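Each remark here refers to the structure printed beneath this line.
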Amino acid sequence: MLKFHQIKVNKDELSLTNVLQAGQAFRWVFNEKENHYTTTMKVTESNKYFIVVLSQPADDLIEFTSPDLSLDPEHLRSHLERYFRLDVSLNNLLLNEWIPKDHRFKTISAHGVRILAQEPWETLISFICSSNNNIARITKMCHSLCTNYGEEVGVFDGQKFFSFPSSDVIAERATETALRDLGFGYRAKYIIETAKKVSKVRADGNYENDTALFRKLQSSFSYIEMREHLMGYTGVGPKVADCVCLMGLGMDDVVPVDVHVSRIAKRDYQIIANNKNISTLKKLYADLPITRKKINLELDHIRLELYNKWGLYAGWAQGVLFSKEVGKVSGATSSGEIKKRAIVQVDIDIKEETATRTTFDRVSNKHRKNIKREQI
DNA sequence: GGACGGCCTGGGTT
DNA sequence: AAACCCAGGCCGT
């Protein structure tokens, strides 16, 4: 019998359903009978993956464990606290950041919807798969990559669990044809080309793993440069790149703008780019030294306006609103079924937390002027 | 330089 | 039943 350990956290701060099954992470398997979630993840500094099991048995409690007895529970606890970003209080953001800036949040509960700190490489591949696709199939694809190219980590609930394959493993062992046969469709080519390029960049820089590479890039790049770099991979446009920045690199103020966010922005905030907005953005990007893929300036205007409106945790605010708008589909269950879900109403209470940094603070000086100009 | 098809697939709807 | 639509975009022309 597994021994579960506890994390005291309220459901309005963290709802496992709303965070793990709402199109942000695609590799958590829900066991309906036992009411717990299972995945594999890196927990330690090494590249080893562990099976991790979570449940939310009460409104003020998360329970966690791993069947791997070599894993120190306290180490897993601190890892999960980082993964769920428990240093950030949703209720504080709501009360002190979003409600004062946006009256729309007065009547909204965050429902425990928060942004995860996921592995950048896995986030990149997951969201390459997300283009013109639905959550059920994205989930299926992510699992398919693991079962076909990952390493078996262990068995739980009578089901085998695998690691997420690194860029070099995919580059060496997978082919476009093989991925097409596995049902990836036109994304097969994107994944192969991206894996080859990432593993090459990695090898050239002698990085130990994919995470190390992306963290290093992040440390020397501004947000704009990081997005630029990500958009250099096939199948990665501004939306996918922004998802990686937000959920894989912890850039909390980045708002990935897709069709839904675009609709919300126009319908609820009347954000519509005029000619001046567009020409300003055009100049902004023309001045940047990096040649870029074309981006939709109308959507980019929405991104900036929502950042201006919501502030340092704009990406989180988007998550809350987005979940309210379209979060109705769940991911994998043990039986392989995909089910509809309902968002649970929760109450609001207060905690201490202070927002500290912005992605735009990290823009290098030669770009700052341009960015600032656009922030006005 | 920007607008516009076309794209794999699977589940749902007509 | 067959046809059509749609899903948290991106690529090529």
Side-chain angles (χ1 to χ4, degrees), chain A residues 18-19 21-26 113 115-116 118 123-145 175-194 197 227-228 230-248 254-267 273 275 277-279 281-286 291-303 306 315-332 336-341:
Chain A
N18 290 349
V19 168
Q21 298 190 277
Q24 179 179 177
F26 300 96
V113 177
I115 301 298
L116 296 168
Q118 304 191 71
T123 309
L124 177 59
I125 293 302
S126 301
F127 282 92
I128 284 177
C129 292
S130 78
S131 82
N132 196 23
N133 207 348
N134 57 65
I135 293 178
R137 190 152 80 106
I138 301 165
T139 301
K140 207 170 115 190
M141 288 173 172
C142 291
H143 280 103
S144 177
L145 269 184
T175 63
E176 185 182 336
T177 311
L179 291 185
R180 277 201 174 251
D181 289 345
L182 289 171
F184 283 80
Y186 61 82
R187 301 164 197 83
K189 181 182 164 194
Y190 301 165
I191 293 169
I192 296 298
E193 290 189 0
T194 297
K197 188 166 173 185
R227 186 173 65 156
E228 203 55 51
L230 290 168
M231 285 175 62
Y233 298 106
T234 317
V236 181
K239 155 61 166 65
V240 170
D242 281 345
C243 283
V244 175
C245 286
L246 176 64
M247 299 169 224
V254 172
V255 181
V257 179
D258 52 45
V259 288
H260 296 283
V261 174
S262 172
R263 188 181 64 246
I264 295 171
K266 288 173 185 164
R267 185 196 65 198
N275 291 338
N277 300 142
I278 297 293
S279 61
L281 278 177
K282 206 181 292 180
K283 187 165 184 346
L284 166 73
Y285 286 120
T291 10
R292 57 174 35 259
K293 256 175 223 184
K294 269 177 261 190
I295 69 172
N296 183 325
L297 296 180
E298 198 180 326
L299 296 184
D300 207 53
H301 175 72
I302 291 172
R303 178 182 69 76
L306 291 178
W316 292 53
Q318 176 265 12
V320 168
L321 283 190
F322 189 90
S323 174
K324 181 174 179 294
E325 190 81 7
V326 287
K328 299 189 186 70
V329 190
S330 80
E337 296 170 50
I338 307 297
K339 306 229 170 180
K340 299 281 185 187
R341 70 183 177 84

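It should be emphasised that the depicted structure is a prediction, and the values quoted were computed from it without experimental measurement.
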Next item on the list: Quick one: look up who dA2(C) pairs with, Watson-Crick or G-U, both distances under 3.5 Å, and put none if it's unpaired.
Entry: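 The base-pairing partner of dA2(C), which may sit in any strand shown, is dT14(B).
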
Checklist line | Watson-Crick or G-U wobble partner of dT13(C), both distances under 3.5 Å | finding: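 Paired with dT13(C), as far as the under-3.5 Å criterion goes, is dA3(B).
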
Please report the interatomic distance [atom1]([X]) to [atom2]([Y]), rounded to the nearest 0.5 Å.
X	Y	atom1	atom2	result
Trp316(A)	Leu321(A)	CH2	CG	15.0 Å
Glu193(A)	Ile128(A)	CD	CD1	10.0 Å
Phe26(A)	Leu145(A)	CZ	CG	12.5 Å

Could you state the atom-to-atom distance from [atom1] of [X] to [atom2] of [N] in whole Å?
X	N	atom1	atom2	value
Met141(A)	dT9(B)	CE	P	9 Å
Leu297(A)	dA3(B)	CG	C1'	13 Å
His143(A)	dT9(B)	NE2	P	21 Å
Ile128(A)	dC8(B)	CD1	P	16 Å
Glu298(A)	dG9(C)	CD	P	15 Å

Choosing from [options], which nucleotide comes nearest the side chain of [X]?
X	options	result
Tyr186(A)	dG8(C), dC7(B), dC11(C)	dC7(B)
Lys189(A)	dG12(C), dG8(C), dC10(C)	dG12(C)
Asn132(A)	dG8(C), dC11(C), dC7(B)	dC7(B)
Lys294(A)	dT13(C), dG8(C), dC10(C)	dT13(C)

Notebook entry, point to check: So, Asp300(A) and Arg303(A), do they make that salt bridge, N to O below 4.0 Å?
Noted result: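 Salt bridge: yes.
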
Margin query: Using heavy-atom distances to pick each residue's nearest nucleotide on DNA chain C, tell me which of Tyr233(A) and Val261(A) is more 5'.
Written below: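 Closest to the 5' end, via its nearest nucleotide, is Val261(A).
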
Next item on the list: Would you mind telling me which residue lines up with the more 5' stretch of DNA chain C, Tyr190(A) or His260(A), judged by nearest nucleotide?
Entry: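 The 5'-side residue here is His260(A).
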
Would you find a donor on one side and an acceptor on the other, under 3.5 Å apart, between the side chain of [X] and the backbone of [Y]?
X	Y	value
His301(A)	Leu297(A)	no
Gln24(A)	Val113(A)	no
Arg187(A)	Gly235(A)	no

Can you name the atoms? Protein N/O to nucleotides 10-13 of chain B N/O, anything below 3.5 Å, with the distance.
none

Next item on the list: Taking atom C1' in both dC7(B) and dA7(C), compute the distance separating them and give it to the nearest angstrom.
Entry: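 Pairwise C1' distance, dC7(B) against dA7(C), rounds to 13 Å.
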
Next item on the list: Assign Arg180(A) to base, sugar-phosphate, or nothing according to its heavy-atom contacts below 4.0 angstrom with the strands shown.
Entry: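 The residue Arg180(A) makes sugar-phosphate contact but no base contact.
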
